[in-house]
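See structure below.
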Amino acid sequence: MKLSQLEADLKSRARAAFSLGEEAMAGFALSAPPPHIKNADLSIAWPIAGAKLLRKAPLKIAEEFAAALAPDYEAQAVPPGFVNLKLKDALLLESVAGLGKPGYYERPEFKAQKINLEFVSANPTGPMHLASGRGATLGDSLARIMRLLGAEIATEFYVNNVGRQVELLGKSLKARLEGKEPPEGGYQGEYLKPLAAALPAEAAGWTDTQFSGYAVAEMLKLHKADMKAFGVEFDRWFLESELHDLGGPAAALATLKERGMTYEKEGAVWFGASSELEADDKDRVLVKADGRNTYFLNDIAYHLNKFSRGFTRLIDIWGADHHGYVPRMEAAVGALGRGQGSFKVIIHQQVALKRGEELVKMSKRAGDFISLKELVDEVGTDACRFFFASRGPNTHLNFDVDLAKKKSNENPVFYVQYVHARICSIFSNAAEKGIDPAQGFDASKAVISPEERALLMKLLWLEKALLDCTRDYSPHPVTTYLTELAALFHSFYDKHKVLDPEHKETSAYRLFILKEVKGVIAQGLALLGVTAPERM
RNA sequence: GUCCCCAUAGCUCAAAGGAUAGAGCUCCUGCCUUCUAAGCAGGCAAUCCAGGUUCGAUUCCUGGUGGGGACACCA
């Protein structure tokens, strides 16, 4: 039985025992007992919360509930009103045995969704910096997690390949070719020098547009390579120019006009967000007095385009420097006639770079930043991704580069990976000790030690960790979970010998547990885009 | 000035309003003749301040303090 099924079963038993309606069960949840509680697998605090409703002492409710659970569960009421329960050995072993089944984690509420998840979307005006690693980790891991839960999800990287910044990039490259410094406000970074050196001979006669096109194409190649090295493959790289080719902005403007969401003032076309919808505080320009579209209109068109491709839900992941843009975009999506809940922006706080005690400001234009590639080359994708994935999006991250490089071997990722390597090693040693991992064992005779019990229970909790991820829009619950599971394994490993030719039945039973641990570790790491090595 | 985010151990982070607040790094003490010591066992050590809501607050609310970010007919 899955943990969620167990929870549902216990909940319905509580309802029946106290003759309650579904709405009275809102706070009913299973939790792991705190460490000082021995001899319990699961804990329920619901009797305390339900005391008011039932007009009864919490402990009394807990006692009645515990009695109602017998004889299927070993339940105990504990002051001030907790019910602690222990699963029957057979149920526990059977539940764990079900873990590897295809579709185990799927849930109906995710299967109904067709999600577009857009993240990173770094401007193609320079190499990707460190912070892109955070967005990439967040987005890619969330996509993997939601897919496992059954969602249909397409990942997308939006490329702003038109506009003033791109023109400036082209001019900066041209200046480098001519041996000059980039123009005022241009891109000063060193990275344009090798690019200029590699330009074909005929570039001397190029127009500005040709320089821009060339530079953007080269940057895009770098971005794609960086993302690939980081274990991130996008389903689509959507170019802003595609949007213009399709006439997207004009169509979006027409839709907004039709819906009465625009007005003209001082020669410009405005989005009437504040008067119609109160999500934003101020009206914004869509078409400037000079006739050019604002970025805002183009972005509205982009989101309209996503909806028109059949997605029922759009999720964007942005850095905190764009948070002020969220109400505007939400208002715009609402103005397009899309309901609440069809558009979600995940904001992640920025990454501050630290060298020793000093905070370093990163600026792409000034060329002063640590590139993602640099970091990955130094520390490795596994350590980077685990590091980024271990924090919620709202944490303000201080990334100490010197520390990250120096202590790469002490990154918790190795602690988790080591579990996988150790188990692989045990399996490869089994044969020479005359033990067949495929040999079964008699579950009814298995004696479960406390370390094994903790390990088996923990395996069932991955399901909850995944749901926490979707609740928080962050992969960090999986990271925390894996570290905890790893600790339980290493402790078990130290106390119990798995391969014992004298006791083949015990060996087979322990190999069964390890097979499941290995599976969960491998699955969890895969969700984070981290490898599960067989040897370390 | 207005708005958003954050504040937990010396450092980096966990913790659906629940029981004695968990980890990792650092420091200290033990443990390799036995499936990998990238490990185990143990020790030191924390909820920014003041109110409020609640049976119960690290968690929710209000007000401070400190830090980061945003407030364009830029993208």
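Chain letters run A, B, ... following the sequence lines, proteins first, then strands; residues in each count from 1.
- Under 4.0 angstrom from either OP1 or OP2 of rA16(B) there lies at least one side-chain N or O belonging to Arg471(A).
- His496(A) comes within contact range of at least one nucleobase, with a heavy-atom separation under 4.0 Å.
- Atom name C1', nucleotides rA21(B) and rU62(B): the rounded distance is 25 Å, in whole Å.
- Taking the six-membered ring for Trp and thresholds of 30 and 60 degrees, Phe441(A) and Phe512(A) have ring planes inclined between 30 and 60 degrees apart.
- Put simply, Asn160(A) has no side-chain N or O that comes within less than 4.0 Å of OP1 or OP2 on rA75(B).
- Within the nucleic acid shown, Leu397(A) comes within 4.0 Å of sugar-phosphate atoms alone, with no base atom in reach, counting heavy atoms only.
- Within the structure, every side-chain polar atom (N or O) of Lys433(A) is placed at least 4.0 Å from both OP1 and OP2 of rU34(B).
- Here, rA7(B) and rC48(B) have their C1' atoms 7 Å apart, quoted to the whole Å.
- Salt bridge present: Lys11(A) and Glu22(A) bring a charged side-chain N and a carboxylate O closer than 4.0 Å.
- Looking at heavy-atom distances under 4.0 Å, Ala29(A) makes no contact with the nucleic acid at all.
- Rounded to a whole angstrom, the distance from the C1' atom of rU58(B) to that of rG22(B) is 12 Å.
- The residue Ser31(A) sits apart from the nucleic acid: no heavy atom pair falls under 4.0 Å.
- Contacts of Tyr325(A) with the nucleic acid, taken as non-hydrogen atoms under 4.0 Å apart, include base atoms.
- Distance, Met536(A) CE to rU36(B) P: 14 Å, rounded to whole Å.
- Rounded to a whole Å, the CG atom of Leu488(A) is 10 Å from the P atom of rA23(B).
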Secondary-structure notation, RNA chain B, from Watson-Crick and G-U pairs under 3.5 angstrom (| other strand): (((((((..((((....[...)))).(((((.......)))))....(((((..]....))))))))))))....
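- In this model, the phosphate group of rG22(B) is not approached by any side-chain N or O of Thr480(A) to a distance below 4.0 Å at OP1 or OP2.
- Side chains of Tyr493(A) and Glu451(A): a donor-acceptor N/O pair is absent below 3.5 angstrom, by distance only.
- A donor-acceptor contact closer than 3.5 angstrom is absent between the side chains of Ser507(A) and Asp500(A).
- Residues passing the side chain to side chain contact (heavy atoms under 4.5 Å, CB included) test with Lys515(A), sequence neighbours excluded: Phe427(A).
- Residue Arg422(A) places at least one side-chain N or O under 4.0 Å from the OP1 or OP2 atom of rA37(B).
- A donor and an acceptor atom never sit less than 3.5 Å apart when one is taken from the side chain of His323(A) and the other from the base of rC5(B).
- Taking atom P in both rU59(B) and rC44(B), one finds a spacing of 26 Å when rounded to whole Å.
- Taking the six-membered ring for Trp and the full ring otherwise, Phe414(A) and Phe386(A) have centroids separated by 6.0 Å or more.
- Side-chain contact of Tyr302(A) with Glu156(A): a donor-acceptor pair under 3.5 Å is present, judged by distance alone.
- Stacking of Tyr418(A) onto the six-membered ring of rG39(B) is not present when judged by under 5.5 angstrom between centres and under 30° between planes.
- As a whole-Å value, the separation of Gln417(A) CD from rA37(B) P is 17 Å.
- To the nearest whole angstrom, the two C1' atoms, one in rC6(B) and one in rG42(B), are 35 Å apart.
- Side-chain atoms of Asp382(A) and Gln417(A) include a donor-acceptor pair closer than 3.5 Å.
- Between Tyr295(A) and Tyr415(A), it is Tyr415(A) whose nearest contact on RNA chain B lies nearer the 5' terminus.
- Tested against Val498(A), the residues Ile435(A), Asn429(A), Ile426(A), Ile423(A) include a single side-chain contact (heavy atoms from CB on, under 4.5 Å) partner, Ile426(A).
- Test Lys344(A), His303(A), His322(A) against Asp316(A) for side chain to side chain donor-acceptor pair (under 3.5 Å) and you get one pass: His303(A).
- Using a 4.0 Å heavy-atom criterion, one finds that Phe387(A) contacts no nucleic acid atom at all.
- Among the protein residues, Arg535(A) comes within range of the nucleic acid bases, having at least one heavy atom under 4.0 Å from a base atom.
- Taking only side-chain atoms of Pro412(A), from C-beta outward, the nucleotide of rA14(B), rA19(B), rG24(B) with the closest atom is rG24(B).
- If you measure from atom CG of Leu286(A) to atom P of rA75(B), you get 12 Å, rounded to the nearest angstrom.
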Give every pair of a protein N or O atom and an N or O atom of nucleotides 43-46 of chain B that lie under 3.5 Å apart, one pair per line with the distance.
none

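- His396(A) does not qualify as a stacking partner of the rC6(B) base, lacking a centre-to-centre distance under 5.5 Å together with planes within 30°.
- Within 4.0 Å (heavy atoms only), Asn84(A) reaches at least one base atom of the nucleic acid.
- Nucleotide rC35(B) holds its C1' atom 6 Å from the CG atom of Asn429(A), rounded to whole Å.
- Counting non-hydrogen atoms under 4.0 angstrom, Glu534(A) reaches a base of the nucleic acid.
- Of the listed nucleotides (rG68(B), rA14(B), rA75(B)), rA14(B) has the atom at the smallest distance from the side chain of Arg391(A).
- For the pair Ala45(A) and Val285(A), both in contact range of RNA chain B, the more 5′-proximal nearest nucleotide belongs to Ala45(A).
- Here the C1' atom of nucleotide rC35(B) and the NZ atom of Lys495(A) are 17 Å apart, to the nearest Å.
- Rounded to a whole angstrom, the distance from the C1' atom of rA72(B) to that of rG68(B) is 22 Å.
- Judged purely by atom type and a 3.5 angstrom limit, Ser121(A) uses its side chain to pair as donor or acceptor with the backbone of Tyr158(A).
- Side-chain contact, Arg134(A) with Thr395(A): a donor N or O sits under 3.5 Å from an acceptor N or O.
- Look at the C1' atom in both rC25(B) and rA45(B): the space between them is 14 Å, to the nearest Å.
- Between the NE2 atom of His322(A) and the C1' atom of rC71(B) there is a distance of 13 Å, rounded to whole Å.
- Ala430(A) comes within 4.0 angstrom of no nucleic acid atom, judged by non-hydrogen atoms across all strands.
- Here Gly392(A) lies in heavy-atom contact (under 4.0 Å) with sugar-phosphate atoms only.
- For the pair Leu169(A) CG and rA75(B) C1', the interatomic distance rounds to 13 Å; values are reported in whole Å.
- Taking atom P on both nucleotides, rC71(B) is separated from rU8(B) by 27 Å, rounded to a whole Å.
- An anti base is found at rC44(B): its glycosidic angle is more than 90° from 0.
- Using a 3.5 Å distance cut-off with no hydrogens or angles, the side chains of Gln165(A) and Asn160(A) do not pair a donor with an acceptor.
- Among the atoms of the strands shown, only primed sugar atoms or phosphate atoms (P, OP1, OP2) are found under 4.0 Å from some heavy atom of Val162(A).
- Between the side chains of Ser4(A) and Glu463(A), at least one donor N or O sits under 3.5 Å from an acceptor N or O.
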